[in-house]
Structure formats: C-alpha cells, structure tokens
Amino acid sequence: GTGPTNMMSNEILAPAAGRGPGSAGSFWRTDLWLKSAAGSTVTMEFHPNDSPTDAAAATVQVTMTSPVMYLEDVLKNKFGMDQGFGNIVLRGTQPVSATIRAYTSSGTGSYGSGFMAMPTSMAMHGSGGTMMGNDQYQLYATGLLPEPRARVNAMVTNSGSVAISGTLEILDADGQPALGGTTSLPFSLRAYSSHQFVDVLSGITSRYGDGSGLQLRLRLADGSTGMVMMLVSVADNVTNDTYTVMGNMMNGGSSSNGGMMP
C-alpha cells in the first residue's frame, strides 16, 4: 500500500501574517520557519488584506542555507515593511513547507497563534456552476466560543489567482440561521488577498445551550472558478489565550470530501 500524502508543495500560502498595532495596545509581529532543500530558492510574495489589485505589494527571494530557516519578524526583516497585514505566498524551486507565528508581547511574555502554511492546491475550488445548495462547495467552521466569553475573528482567503466573491453565514447548531446581529456577510477578494470579519459573533445568540454550538459556513458565489480558504481565531477575552480553527468540508451533510480538498 501507499504511505501518507506528502503535503510539501511548490506553492503554499501562509495566511494572517501581520506587523503593526492591534486592539488594546497590542503590536503584532510575524515569525516564519521555512523547510526546503538546502540551496533551493523560495520566492515570497506579500498580498495585503482587502487588496484592490492582484499584484503583490512586496516580493523577496530567500536562498535556503540550511534545510530549516527561521525568519524572525519576517515582514520587517525580509520585506522591509514597518506595517502590513495580509498573506505570504511562497513558491519554491524545490517543494517547500512553512510554519507561521503571529504574536504580540504582553508584560514579560507574549500571546498569539501559530499554524502551518497550506498548499494552495488544498483550497476549496469553485465549480464554475451552481454551488449554493451543494455541501461539496461549502466550508464550515465549528469549535467556536460565544461572545462576550471570547472574541471570534474569521479570515476568508483567496488562495488563487482568480478573483472570488461569496458569503459567510453564521448558523446555529442545527444549521439554521442564528439569532440577532448580522448573520450573512458578503465578501469579494482579489488574487491571494484576504478579508477579516472581526468579532463575527457579536450580538449573535443561539437557541441551544450557551452558544458553543454556533458555526460558520462559507459559500462561493455561483459561477466562481476561484479558490478559497477560511481561518478562524477564537480568543479568550480574559486571558487572550487563542486557538485557531480551519474551515473544512467535513461537516457538510452530503460532502464525501475530507479537509479542504475539492
């Protein structure tokens, strides 16, 4: 039989990279770890959130001097940017993988989150036809905590070169629209750009328990041929402890696909 799939790819995307001020006096930085063959070249593009263009805002090349390289404060030290929030697209002359950490200092420590860069081929692909009623073309995110216990931010990412549009919906545990607030949020994104919906569960209540069964559903607009990922951060409002939830296709009732694979 065959072994597990090798998830290293020649094109990967690290979402939610940032450098600059945030809420409550925070200042965010991003560290990046690269893994590839020594001697290979990795080209990195930075695409800002809500970009009005498909073009990268900054591009830099890194030559792998060892199989693993640690790039501290990568936006400042490699891209030369004092401030910016968005995605880093990485393309290698050899397969490349990466881990990203976005964090802010607080007192004598820091808090934030870390996650792996994803091969763009793993994104959910639009079919170019009618998709709105088909769970095979929808991403879901569960594992959320209700506000004001936590704050929930949803990052929707275009992981391809074709512009996309769609809708992010807030659903109750039974899959029906949640109560209160705005439960249907449209988005439109240029190539490799993202939009962050901040405090997405603000004003939302559930019919079930304490609201921990609330979920998000992302739908691409009918006719789209683009690619999309979703990353949701859940932060405790008392401690700032944060965890990350990837949007996936495993929660749809009719989908036979796993992960974010189309």
Side-chain angles (χ1 to χ4, degrees), residues 13 15-16 113 115 118 120-160 163-189 194-237 241-262:
L13 185 147
S113 61
F115 36 88
M118 302 295 291
T120 54
S121 60
M122 286 187 66
M124 184 177 75
H125 295 231
S127 71
T130 301
M131 300 178 289
M132 292 294 283
N134 189 336
D135 268 334
Q136 294 188 22
Y137 300 102
Q138 298 171 14
L139 290 177
Y140 289 81
T142 58
L144 314 179
L145 295 175
E147 298 197 22
R149 176 181 172 188
R151 57 189 184 274
V152 178
N153 298 332
M155 182 76 75
V156 178
T157 297
N158 182 347
S159 54
I164 61 172
S165 61
T167 306
L168 181 67
E169 298 168 301
I170 306 170
L171 306 177
D172 215 331
D174 59 357
Q176 298 302 307
L179 301 177
T182 302
T183 57
S184 184
L185 305 165
F187 63 86
S188 182
L189 296 169
S194 289
H195 177 76
Q196 180 171 235
F197 294 99
V198 179
D199 289 329
V200 71
L201 298 186
S202 179
I204 302 296
T205 58
S206 172
R207 304 174 188 85
Y208 305 95
D210 68 352
S212 295
L214 291 168
Q215 55 182 316
L216 302 178
R217 176 172 63 193
L218 185 154
R219 293 177 167 182
L220 283 174
D222 283 346
S224 176
T225 59
M227 302 161 65
V228 66
M229 296 180 184
M230 177 168 58
L231 187 75
V232 183
S233 66
V234 183
D236 186 292
N237 271 328
D241 175 60
T242 304
Y243 62 89
T244 302
V245 178
M246 293 293 295
N248 68 76
M249 300 171 67
M250 297 176 68
N251 297 324
S254 64
S255 176
S256 60
N257 299 302
M260 290 192 297
M261 296 294 287

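All values below come from the heavy atoms of this structure, side chains included, with hydrogens, waters and symmetry mates left out.
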Apply side-chain contact (heavy atoms from CB on, under 4.5 Å) to L13 and M118, showing your working.
CA-CA 5 Å; L13 185 147; M118 302 295 291; 5.8 Å; no
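Without hydrogens or angle criteria, Y137 side chain to D222 main chain gives no donor-acceptor distance under 3.5 Å. Listed for the N237 side chain is a donor-acceptor partner under 3.5 Å among the backbone atoms of P148.
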Exercise answer: donor-acceptor pairs, residues 182-189 side-chain atoms, under 3.5 Å, sequence neighbours excluded:
none

Would you tabulate the side-chain donor-acceptor contacts of residues 163-171 under 3.5 Å, counting partners in other chains and residues two or more places apart, or write 'none'?
residue: E169; atom: OE1; partner: R217; partner atom: NE; Å: 2.9
residue: E169; atom: OE1; partner: R217; partner atom: NH2; Å: 3.2
residue: E169; atom: OE1; partner: R219; partner atom: NE; Å: 3.4

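Looking at residues two or more places apart in sequence or on another chain, you find a side chain to side chain donor-acceptor pair (under 3.5 Å) between T157 and S194. With sequence neighbours left out, D172 forms a side chain to side chain donor-acceptor pair (under 3.5 Å) with S206, R207. The side chain to side chain contact (heavy atoms under 4.5 Å, CB included) check on T225 picks up V162, with sequence neighbours excluded. For T120, the side chain to side chain donor-acceptor pair (under 3.5 Å) partners at least two apart in sequence or on another chain are E11. Evaluation of the side chain to side chain contact (heavy atoms under 4.5 Å, CB included) rule for T205 yields L179 as partners, not counting sequence neighbours. Considering only residues two or more places apart in sequence or on other chains, Q196 meets the side chain to side chain donor-acceptor pair (under 3.5 Å) condition with none of them.
Pairs of residues two or more places apart, or lying in two chains, that qualify as salt bridge (Lys or Arg N to Asp or Glu O under 4.0 Å) and include a residue from residues 136-157 are R149-D210. Applying the ring pair (Phe, Tyr, Trp, His ring centres under 6.0 Å) definition to pairs two or more places apart or across chains, none involves residues 208-231.
Summarising the geometry of A141 relative to M230, their closest heavy-atom pair is CB-CE, 3.9 Å, with the distance given to 0.1 Å.
Side-chain contact between V156 and L218 is present, with heavy atoms from C-beta onward closer than 4.5 Å.
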